[in-house]
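The structure appears below as structure tokens.
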Protein chains: 4
Amino acid sequence: MRKEEVAMESQPAGAGPVDHRTLPRRRGETLYAAIFEATLAELADVGYARLTMERVAARARTSKASLYKRWPGRADLVLAALRHRRGAPSPTPDTGGLRGDVLALLRDGAAQLNGLMGEVIRGLMAEGLRESTPIATVRTSMFDSRNRRMSEVLDRAVKRGEIPAHAVTPQHIALAPALVDHHFLFYGAPIPDHVLTEIVDAVLLPLLTRPA
Amino acid sequence: MRKEEVAMESQPAGAGPVDHRTLPRRRGETLYAAIFEATLAELADVGYARLTMERVAARARTSKASLYKRWPGRADLVLAALRHRRGAPSPTPDTGGLRGDVLALLRDGAAQLNGLMGEVIRGLMAEGLRESTPIATVRTSMFDSRNRRMSEVLDRAVKRGEIPAHAVTPQHIALAPALVDHHFLFYGAPIPDHVLTEIVDAVLLPLLTRPA
Amino acid sequence: MRKEEVAMESQPAGAGPVDHRTLPRRRGETLYAAIFEATLAELADVGYARLTMERVAARARTSKASLYKRWPGRADLVLAALRHRRGAPSPTPDTGGLRGDVLALLRDGAAQLNGLMGEVIRGLMAEGLRESTPIATVRTSMFDSRNRRMSEVLDRAVKRGEIPAHAVTPQHIALAPALVDHHFLFYGAPIPDHVLTEIVDAVLLPLLTRPA
Amino acid sequence: MRKEEVAMESQPAGAGPVDHRTLPRRRGETLYAAIFEATLAELADVGYARLTMERVAARARTSKASLYKRWPGRADLVLAALRHRRGAPSPTPDTGGLRGDVLALLRDGAAQLNGLMGEVIRGLMAEGLRESTPIATVRTSMFDSRNRRMSEVLDRAVKRGEIPAHAVTPQHIALAPALVDHHFLFYGAPIPDHVLTEIVDAVLLPLLTRPA
DNA sequence: CTCTAAACGAGACGGTACGTCCAGTCTTCGG
DNA sequence: CCGAAGACTGGACGTACCGTCTCGTTTAGAG
């Protein structure tokens, strides 16, 4: 690649990748969509660890400044992109039995971890954890959502008489998803299904169904 | 005391670039020690995420080439430094009762996570997880060690008749430390002690002591 | 005087890394000027052979990236700096006689070789000579310029009747400067004046004035 | 490539590419020959500019220390290698006529410049030119040799009456080879034959044969 | 024929510079 | 005047050599 031979003279030429003086300039939602698309594509291509603002900007045919104007850093951008992509939340499963319900929930969670969300969660672990960081945000929303659904499943099981009411404690609600997270973080994706069934059969159900 | 070791101490820390043509040059163990010391110091000062080979080299008064000759990257260097620092492993606790033993084990693990090891584990999460990466290495050695100690504790409890023999399964052995890891990764250090007692009292002990 | 220029001067030379977030950032011509100045200063201080992009960047208080963005390598940067420095070309001498004119031309050329240009020419010799390399560029412009002036001088001598018209051939035009170059390259700077007079009196004039 | 996993322990292993403890170790002339061969090979492969002591040592299967023990630097090593390779000097040509003799001499010189010698000369230009540097050495020996031969050729021409005795001056003796050098340095190898004939016919012969 | 001193090979070591990539900040200029 | 584009500074990356040095081994030559 030849650089500018007469560098100083070539200034007005400016053959950048996109000449925004002729093309219509994107603003608002159009630009957001392009950025999110680029972010998710990069995420899928190279993963969170090697995703850079530079490459996202280039891929979205925009500038780094436009990214930094909207999000303070990589983590926030990526989370925004994921949030944007996310459609309606899966409904709480209702298979008629506790085991089926819990397994369905875990499989749903595992599916997320196996995808882009897992990639991001893993990456976020490395980025500090001080007050109100992106990881704290994602943690809260993730935990809230799955705890709510798990509560619902357990409450139904209580109503059906499968488990005693006193078995539904915060620790028990959070237990199984935490073990799935742990497996993902230390053994990576994809999470084999037998890991999920073992969590349910060897840990969660025995704990919930034991007598007082 | 060999002459290289004398040389190391005689460097007044802020003495500009050392003239290695006159001073004895450090080799072998002396050099390793200097590098490890610098690595751990950087780790403590700026954390894993902002630790760079450049700064470690400067701090150890050596060159990047000398680092790359020994370790292919940041993760391997840091793990080697940690391994080097680690003295004798803590003995398996024996408090006379299952609850005390398990709590002692978890507190020991939590103390590690609250220190440099936790800093590194968090950082390693982001660096891929393919075959035989640093994280895989650290995972194996960490899990092996604590599973062995937990097995020992549980076996003693079986012998004392506190829990039935069939309660000692791989899932149960790994359960409590995994929950500690999970809390550390998502809520950060330091891990409050009540988290550990809740894991023991609300999850592990009920599971181990329930009838068949 | 523009504000960037004020800023440049106001840096007390040893003030550590500039905080470019507060100071006005240099662009365009101001930056080019700073880079060229630094390049020429390095050239004068350590010579072409030991001039490095690293030191030029540091001296110009800019970054290597800013240099590589403009020039592909050391040679191009240095030539650009020389080109930038070069003011108006010296006028073709007119002393009233052929010998005086030619000597003036050679002295002008020798003065250039004795300065930075000579330093660079010598350095460029080593950097390959394939198609359209920096040395080819500088060769062309240098030869063009001096051949033009020498032609003018000889043409005037023909008009004055000092030499026959058929004596003005490309070989004769290029001859004397080539011998000056040769002396410079093999014997170094400064070129003694008697070398120039000998070239004129023992080679060039006899050749031009001989009968057909 | 995997680095040493347990770096500190692996020290005694040292399975280098060649185990010189079994192979016979070279000394004296054998070693010199191997070094020269490697030097010339590198010179031919990558040229003087990219020839490094490191690569020469590796190619000769010796160590850098063995090189530096013999020559202070790259230039000296290369010149020694060239000197070693040079067989008997070509005899002074005797074609029976001045023009043929001079052309033969120039062609001989051009052939050298077109080969490794030219590569080296070009490279040496960049390496300073202070007192008694390699370039000064090579200049002296090169110039001495060709001036001697040129003198012989011209003397014979005087004896044959082709040129007057007073035409044989130091300036005229050195003239033609200098122009060949100049062409080589600025236009590179190979030197077209017509350049040589033009030097002879348009410059040297007219100068030598003109009346007083 | 020993024994010692030198030469040798291998590579470690502290440095410097390479050319590239990216983070964030700041300026320019089109709409 | 706003905001998109991208120029700019700083700094780390991982690599290649430099020239010096240490470490054992091998070999020549002195006794």
Side-chain angles (χ1 to χ4, degrees), chain A residues 11 14 16-28 31 50 52-55 57-58 61-69 72-74, chain B residues 4 17-28 31 50 52-55 57 60-70 72-74, chain C residues 4 17-28 31 50 52-55 57-58 60-70 72-74, chain D residues 11 14 16-28 31 50 52-55 57-58 60-69 72-74:
Chain A
Q11 310 252 55
V18 158
D19 193 340
H20 59 281
R21 278 156 299 200
T22 62
L23 263 60
R25 190 178 290 179
R26 298 161 303 173
R27 302 169 72 102
L31 184 51
R50 292 192 296 165
T52 68
M53 300 299 263
E54 193 107 20
R55 291 175 61 85
R61 310 193 80 79
T62 181
S63 68
K64 283 192 293 178
S66 296
L67 301 185
Y68 282 109
K69 200 163 290 173
R74 188 168 67 140
Chain B
E4 288 99 339
V18 177
D19 190 342
H20 58 283
R21 280 157 299 204
T22 62
L23 263 59
R25 191 174 290 179
R26 297 162 304 171
R27 297 170 65 96
L31 183 54
R50 290 191 298 165
T52 68
M53 299 299 262
E54 198 109 20
R55 290 177 62 86
R61 312 192 77 83
T62 182
S63 66
K64 281 191 294 177
S66 294
L67 300 185
Y68 283 110
K69 202 166 290 174
R70 292 173 172 75
R74 192 167 66 136
Chain C
E4 288 98 339
V18 178
D19 191 340
H20 58 283
R21 281 157 298 206
T22 62
L23 262 59
R25 191 175 291 180
R26 297 163 303 170
R27 297 170 65 97
L31 182 53
R50 291 192 297 165
T52 67
M53 299 298 263
E54 198 109 21
R55 290 176 62 85
R61 311 194 79 83
T62 181
S63 65
K64 282 192 292 177
S66 293
L67 300 186
Y68 283 110
K69 201 167 291 176
R70 292 174 171 74
R74 194 169 64 138
Chain D
Q11 310 252 54
V18 159
D19 195 339
H20 61 282
R21 280 157 297 203
T22 62
L23 261 61
R25 190 176 289 179
R26 300 157 302 171
R27 298 171 68 101
L31 184 52
R50 290 192 298 166
T52 68
M53 299 299 262
E54 197 109 19
R55 291 176 60 86
R61 313 195 76 82
T62 182
S63 66
K64 282 191 294 177
S66 295
L67 300 186
Y68 282 109
K69 202 165 290 173
R74 190 169 64 140

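Each chain gets a letter, A, B and so on, in the order its sequence line appears, and its residues count up from 1.
- Mapping Ala60(C) and Lys64(B) onto DNA chain F by nearest heavy atom places Ala60(C) at the nucleotide closer to the 5' end.
- For the residue pair Arg70(C) and Leu31(C), the shortest heavy atom distance occurs at NH2-CD2, 3.4 Å.
- Minimum atom distance to the side chain of Tyr68(D) is reached by dT20(F), of the listed dC8(E), dC18(E), dT20(F).
- In terms of heavy atoms, Ala57(D) sits closest to Lys64(D) at CB-N, 3.7 Å.
- When the nearest nucleotides of DNA chain F are assigned to Ser66(C) and Ala65(D) by heavy-atom distance, the more 5′-ward of the two goes with Ser66(C).
- Under the rule for a salt bridge (charged side-chain N to carboxylate O under 4.0 Å, His left out), Lys69(D) has no partner lying at least two apart in sequence or in another chain.
- Note: CZ (Arg61(D)) to P (dG11(E)) measures 10 Å, nearest angstrom.
- In this structure, the NZ atom of Lys69(B) is 16 Å from the P atom of dA10(E), given to the nearest Å.
- As a whole-Å value, the separation of Leu31(B) CG from dT22(F) P is 14 Å.
- Residue Ala57(B) is classed as having no contact, given no heavy-atom separation below 4.0 Å to the nucleic acid.
- Rounding to whole angstrom units, CZ of residue Arg74(D) and C1' of dA16(F) are separated by 14 Å.
- Rounding to whole angstrom units, CZ of residue Arg70(C) and C1' of dA7(F) are separated by 8 Å.
- Rounded to an integer number of Å, the gap from CE of Met53(C) to C1' of dT16(E) is 15 Å.
- Straight-line distance from the CG atom of Leu67(C) to the C1' atom of dC21(E): 16 Å, rounded to whole Å.
- Put simply, Arg55(B) has no side-chain N or O that comes within less than 4.0 Å of OP1 or OP2 on dC13(F).
- Here Thr52(B) pairs with nothing under the side-chain hydrogen bond (donor to acceptor under 3.5 Å, both in side chains) rule; sequence neighbours left out.
- The distance from atom CD of Glu54(B) to atom C1' of dT16(E) is 12 Å, rounded to the nearest whole Å.
- Of the two residues contacting DNA chain E, namely Thr62(D) and Thr52(C), the nearest-nucleotide position lying further toward the 5' end is that of Thr62(D).
- Base engagement by Ser63(D) is indicated by at least one non-hydrogen atom pair under 4.0 Å involving a base atom.
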